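The next block holds one structure in the form of structure tokens; read it before the comments.
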There are 2 protein chains.
Amino acid sequence: MSLYSKHKDILDKAVKALHERTFFAAYPEHPSPSVYGETADADGRKKFQASVGKKFEELKQENPKSWIGVEESPYMQTPLNIQYPAFGVETLVERGLTAFNSWRKVDVNDRAGILVESLERVKERFFEVAYATMHTTGQGYMMAFQASGPHAADRALEAIAAGYEELNRFPKNVVWDKPMGKFNITLDKQWRAVPKGLGLVIGCSTFPTWNSVPGVYASLVTGNPVIVKPHPGAILPMAIFVAEIQNVLAENNMDPNICQLAVDTYDKTITKELAEHEAVKVIDFTGNSHFGSYLEGLSGKAVFTEKTGVNSVILDSAENIDKVAANLAFSVTLYSGQMCTAPQNFYIPEGGINTPDGNVSFDEFAAKLVENINGLVGNPKAGPFVLGAVQNKNTCERVETIGQLGGKVLLESRSIENPMFKDARIATPAVLTMDAADKQKFSSELFGPIVILVKTKDTKESVALAKDMAIKHGAISCGAYSTDADTKEMIADQMSLAATPVSFNLVGGIYMNQNAGFSDFHVTGGNPAGNASFTNPEYVIKRFTWVGHREPVKA
Amino acid sequence: MSLYSKHKDILDKAVKALHERTFFAAYPEHPSPSVYGETADADGRKKFQASVGKKFEELKQENPKSWIGVEESPYMQTPLNIQYPAFGVETLVERGLTAFNSWRKVDVNDRAGILVESLERVKERFFEVAYATMHTTGQGYMMAFQASGPHAADRALEAIAAGYEELNRFPKNVVWDKPMGKFNITLDKQWRAVPKGLGLVIGCSTFPTWNSVPGVYASLVTGNPVIVKPHPGAILPMAIFVAEIQNVLAENNMDPNICQLAVDTYDKTITKELAEHEAVKVIDFTGNSHFGSYLEGLSGKAVFTEKTGVNSVILDSAENIDKVAANLAFSVTLYSGQMCTAPQNFYIPEGGINTPDGNVSFDEFAAKLVENINGLVGNPKAGPFVLGAVQNKNTCERVETIGQLGGKVLLESRSIENPMFKDARIATPAVLTMDAADKQKFSSELFGPIVILVKTKDTKESVALAKDMAIKHGAISCGAYSTDADTKEMIADQMSLAATPVSFNLVGGIYMNQNAGFSDFHVTGGNPAGNASFTNPEYVIKRFTWVGHREPVKA
């Protein structure tokens, strides 16, 4: 049985799910022994621990010029000393171009089958990926498992399904028969979905697989070989994905260089040289706005970016303000605000927030938020695990010195103890207040656990500010609290014009940071935060070109 | 009955046709009295003649700052003296932005209904559009009728159908229900297809409607108001389309400024000012490569271009070389080579072309081509009508002085008499021969009736040259003649990599210049000739952004 036949059912389900957009997941998000096996967690931990300090020898890329790697664990603040094979840019490109001429001729259905099979192999290693993610990004265990394992695999499946659907959306061959009166003109026509060329996927340090695998699989399913260039600080999670893709390719007598890992170090990055190479036609990037905008400006390439943004919360009115404060406290604490969807600027009218129990003033809400943050981070059974660790030293520095930005500091960032990792790099959320007039100060992304409560004239001004931030500086998410239908529609309409999805009135166990595969579109373009678009048709369509040939049918 | 209900059937048929890609046309291409009415032709001619020398007063755009217009007829080489209302860029943009806020809220189905209705209105004026096209572009009567009337309307319908399908491809609302073990998280989700903003459609002088209406209707169906900026030399055909769109809008109590005509003159063009305006988010352009590439470089805009290219014919082997020569002679003569799909460079192996009747040498084929061109242009019942007239004086100059390019001139361009228009600007095809080593000389588009026969080492070199031209300078069409299956596949594969559709072995009444709505994709990107893409999903998807909002379902 071909891998396509083996996985056709899940592909069809995934396509259906993409269009229904109700809840769907192919990979269970709960790290449960009943799903993944009794020893899966312990085995994964051991495999991760065994890889520390060694060469990563799983890749099928021959003759490395050296072995390099500078990852370190934010939980231990020590180097992992894992070494990966390194290659020159010309070697990577040459091998990629050779692979292009075989991979582009593999039928899309067979490509899809191979790619789903690779996800099934990674599934067996989700716990290993989880520990690799924890000790490169600083994510908490649960997030590391979910985001880098099942959620990433679902996003990858989504990309495969989108490509599989799109390439099958037009016929491969038809007979075109045009009546001309006394005779017909009859042509054989054929269409080919021609892949653009080499793909390059540039990873980030905080979500090494979730943000990278959609681009990898979207390029691959559309016939473009991929060079995967992870962030120097978070290589291992993607190395495992690439190794499993190469395993399945090799088992099917295909060139493993269809998907290559390209590793570099901080002091000698190869990203620009790769990106500017004439043969590289598709680029997926997650990271800072400066580099992302440079990539978007490269001509003759399809570029998909997820850059930075300033995410807003608009507070107008609420059913239960305590539940709101608790929900938002969790949102800003989760992974120490290092999510692209984490909120930063909270807009609160100077007249306060209306609730059924009366008006809650700006200061009262600020106090409630601070109290909830303190309660969460101070809870030894929750705080350390929700916070995780801080990936980059610079983030700690930014949070510690945030008072210099201006405004009034209501809550200073501090460190707390992680019972499992005494040396973990930790920063709890800082909370500041400012006036709308301080716009200049809160008009850029302050990456990390930083909350700015902005006092506005009214909700109209709050929305105008949130919209303006999104249009000028980008936004990936927005939270809004209102009990008034007209106000909600005004917010929905105005934030739509800034291409920003709004989560309304979230309380309880669902947060604005969260983004569900097969349902929530992610970074669909329309504001400067990027145009990655997990996963609408644009995400795959720009990776190939339709070309049609025709010839008269022989009489 | 709503216009959507009225036209739902044709919309559904058009969507089906887009995917089946077999022959489909909503608007009959034959200018037959039995289809269009006994007096339709005469009425259309009279209406056109009545509009000459007058103000075009049909538009619903108020308070023009002046009345301008510098069109002239290539058939009479005299000004038409038709005056159109002119507006400042700020006025056009302000009115467009006001229209944006109403048009974007009209449901896509209703937008589609309104737009199809406008095509039905234009259908009543196809003959008027045909005469307007003849006397601005120089096209022959039959081409002017077909290309500017039914074929343009079918391409417009195609764009409407593609937008209608794409915006209905994902649900507007769903309930998302995620099982969490002990409880479910249940969210109301909604998605909005948010139009990008103002559209600008920049027309060309040779195909004023065929190349412009797809962009107009694609932007409109996706919710973007449009400013239509025709070429100063070919305004009237588009003015009629815009007037009918405005009529249907006004009848449905909508702002006519949803589709505005913006007219300028050669000595004071407004195109750059419009294109660079911050509010303009979508640009459709047909014209020269220099300006097209400048537009593609504007940031923050979705830009669709159809620029110039170097179209090739690859001659390897043929069943009947006389039929091949006749077919290609027609292709280069049709509308004096002023089609974006007209062939220019013919690659012929030095060893000649194999046929069942023996080898045909380079010189023999050249002689046959020249003979067929002379036969066609010298036939008074065919030549003048196939050639039409030359839109732009500069084209004549280029053709007359083509000998200066180098190579050997086998056939000089000359003028012939058009029995209906004694003063018509006419240039018959010129034929030159060159060697493959003269590559530099045949490496750019030589717009007009110019054929260069290039002697190559073999078909492999022919294909390499055709591919290289397409990749470096763009190509919109390619003709190839081969009776060998492997050679055909090699050509199909290699030209696919240059994103160039190949017409194989065309003889008889079908030509490589032709491009059928609902079947042949046109300029799908992938080479420098442009990325307009009539009409694959990319053509509509880039004109809007998916934005999703969500909120917990109330218990």
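Since the model is a prediction, treat every value here as computed from it, not as a measurement. The analysis underlying the following values was restricted to heavy atoms, covering all of them including side chains, and did not include hydrogens, waters or symmetry mates. To find a chain, count down the sequence lines: A is the first, B the second, and so on, and within it residues start at 1.
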Specify which of [options] makes the most heavy-atom pairs with chain A at under 4.5 Å.
{"options": "Met495(B), Arg169(B), Glu538(B)", "value": "Arg169(B)"}
{"options": "Ile491(B), Asp493(B), Ile185(B)", "value": "Asp493(B)"}
{"options": "Pro537(B), Gly526(B), Ala499(B)", "value": "Pro537(B)"}
{"options": "Val502(B), Asn536(B), Leu497(B)", "value": "Val502(B)"}
{"options": "Asp520(B), Leu18(B), Leu506(B)", "value": "Asp520(B)"}

Are [X] and [Y] linked by a side-chain donor-acceptor pair shorter than 3.5 Å?
{"X": "Thr305(B)", "Y": "Asn531(B)", "result": "yes"}
{"X": "Asn505(A)", "Y": "Ser482(A)", "result": "no"}
{"X": "His19(A)", "Y": "Glu165(A)", "result": "yes"}
{"X": "Glu551(B)", "Y": "Ser503(A)", "result": "no"}

Mutual orientation of the aromatic rings belonging to Trp176(B) and Phe23(A) [parallel < 30°, tilted 30-60°, perpendicular > 60°]: perpendicular

Derivation and outcome, side-chain contact (heavy atoms from CB on, under 4.5 Å), residues Ile314(B) and Cys478(B): CA-CA 8 Å; Ile314(B) 298 161; Cys478(B) 176; 4.0 Å; yes

side-chain contact (heavy atoms from CB on, under 4.5 Å) between Thr22(A) and Val175(B), intermediate numbers included: CA-CA 7 Å; Thr22(A) 49; Val175(B) 173; over 6 Å; no

Contact winner vs chain B - Gly300(A), Pro171(A), Ser299(A), Ser533(A), heavy-atom pairs under 4.5 Å: Pro171(A)

Most contacts with chain B, counted as non-hydrogen pairs under 4.5 angstrom, among Arg104(A), Met180(A), Glu296(A): Arg104(A)

Residue pair Asn320(A), Val507(A): steps toward the side-chain contact (heavy atoms from CB on, under 4.5 Å) verdict: CA-CA 9 Å; Asn320(A) 183 323; Val507(A) 291; over 6 Å; no

Partner set under salt bridge (Lys or Arg N to Asp or Glu O under 4.0 Å) for Lys178(A), not counting sequence neighbours: Glu29(B)

Residues in salt bridge (Lys or Arg N to Asp or Glu O under 4.0 Å) contact with Glu158(A), at least two apart in sequence or another chain: Arg155(A)

Residues in residues 186-196 of chain A that sit under 4.5 Å from chain B, counting heavy atoms only: Leu187(A), Lys189(A), Trp191(A), Arg192(A), Val194(A), Lys196(A)

From CA spacing to verdict: ring-ring contact (aromatic ring centres under 6.0 Å, His included), Phe330(A), Tyr511(A): CA-CA 8 Å; Phe330(A) 191 92; Tyr511(A) 309 98; 4.2 Å; yes

Proximity of Phe534(B) and Tyr539(B) rings by center, below 6.0 Å: yes

Under 3.5 Å donor-acceptor, Asn327(B) side chain and Gly508(B) backbone: yes

Tell me, side chain or backbone of [X] under 4.5 Å from chain A's heavy atoms, or both, or neither?
{"X": "Val174(B)", "result": "side chain"}
{"X": "Asp177(B)", "result": "backbone"}
{"X": "Lys281(B)", "result": "neither"}
{"X": "Phe518(B)", "result": "neither"}

Contacting moiety of Thr500(A), where chain B heavy atoms sit under 4.5 Å: backbone

pair Phe521(B)-Arg21(B): side-chain heavy atoms closer than 4.5 Å: yes

Step-by-step side-chain contact (heavy atoms from CB on, under 4.5 Å) determination, Thr483(B) to Glu319(B): CA-CA 7 Å; Thr483(B) 55; Glu319(B) 289 283 345; 4.2 Å; yes

Neighbourhood of chain A inside residues 542-550 of chain B, taking heavy atoms under 4.5 Å as contact: Lys542(B), Thr545(B), Trp546(B), Val547(B), Gly548(B), His549(B), Arg550(B)

